[in-house]
Amino acid sequence: MNTKDLLLKLSSIHGPSGHEYKATKEIENIMKDLVDECHYTKVGSLVCVKKGEGKGKIGLLAHVDQLGFVISKVTDDGFAYVSGIGGWDPKTVIGQRAKIYSKNREFYGVFGFLAPHLQKAEDRKKYQLLIICSLISV
């Protein structure tokens, strides 16, 4: 697999903070034939070891999780207000597609802000990120 395909594959795995297991499992599947051992730490980090000859050691480290959001409110007109998991800047996700997982269904949406004329005056000074949802399950 070339580098571009590998990066596209790994970056398309949904794995927000605290739920990185799908991403680490895929990395383990890729690495298992290239290293001598793979194991997980108590906090869920994946460690792959390749033994060699010599005194030097090299460590390759990667951050696995992706931006994640929790829906804090859903309105009758199809807006889902969200709060972030971890640190993020709301301006970086505007216009990006979102996949929403519920207990029984999945939805698609797009990140955006509520139009100023639909906001209350006191809310115009703060960022209130929301997802405009498709109500059609996938």
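Remember, it's a predicted structure, so these values are computed and weren't measured experimentally. Only heavy atoms go into these numbers, but all of them, side chains included; no hydrogens, no water, no symmetry mates.
Hydrophobic side-chain contacts under 4.5 Å tie Leu8 to no other Ile, Leu, Val, Met, Phe, Trp or Tyr residue.
Under the side chain to side chain contact (heavy atoms under 4.5 Å, CB included) criterion, Ile30 pairs with Leu6, Leu10, Glu26, not counting sequence neighbours. For Lys32, there are no side-chain hydrogen bond (donor to acceptor under 3.5 Å, both in side chains) partners, not counting sequence neighbours. With sequence neighbours left out, Tyr40 forms a side-chain hydrogen bond (donor to acceptor under 3.5 Å, both in side chains) with Glu28. Taking Ser45 as the reference, nothing meets the side-chain hydrogen bond (donor to acceptor under 3.5 Å, both in side chains) condition, with sequence neighbours excluded. Every residue two or more places apart in sequence or in another chain was checked for a salt bridge (charged side-chain N to carboxylate O under 4.0 Å, His left out) with Lys50, and none qualifies. Qualifying salt bridge (charged side-chain N to carboxylate O under 4.0 Å, His left out) partners for Lys73, counting only residues two or more places apart in sequence or in other chains: none. Scored by the side chain to side chain contact (heavy atoms under 4.5 Å, CB included) test, Lys51 finds Asp36, Glu37, Val49 as partners (sequence neighbours excluded). Residues forming a side-chain hydrogen bond (donor to acceptor under 3.5 Å, both in side chains) with Asn2 (at least two apart in sequence, or on another chain): Asp5.
The cluster map of Ile, Leu, Val, Met, Phe, Trp and Tyr, joined by side-chain heavy atoms under 4.5 Å apart, puts Val35 and Ile27 in the same cluster. There is no path of hydrophobic side-chain contacts, each under 4.5 Å, that joins Tyr21 to Met31.
Note that the OH atom of Tyr108 and the CD1 atom of Ile100 stand 10.5 Å from one another [nearest 0.5 Å].
Residue Lys22 comes nearest to His14 through the heavy atom pair CD-O, 4.1 Å, listed as atom of the first residue, atom of the second, then distance. Nearest heavy-atom pair, Val93 versus Phe69, reported as atom, atom and distance to 0.1 Å: CG1-CZ, 4.1 Å. Closest approach of Val82 and Ser72 over heavy atoms only: N-OG, 3.9 Å. Considering all non-hydrogen atoms of both residues, Ala23 and Val64 come closest at CB-CG1, 3.3 Å. Listed here is the closest heavy atom pair of Leu46 and Cys38: CD1-CB, 4.2 Å.
With hydrogens and angles disregarded, no donor-acceptor distance shorter than 3.5 Å links the side chain of Ser83 to the backbone of Val70.
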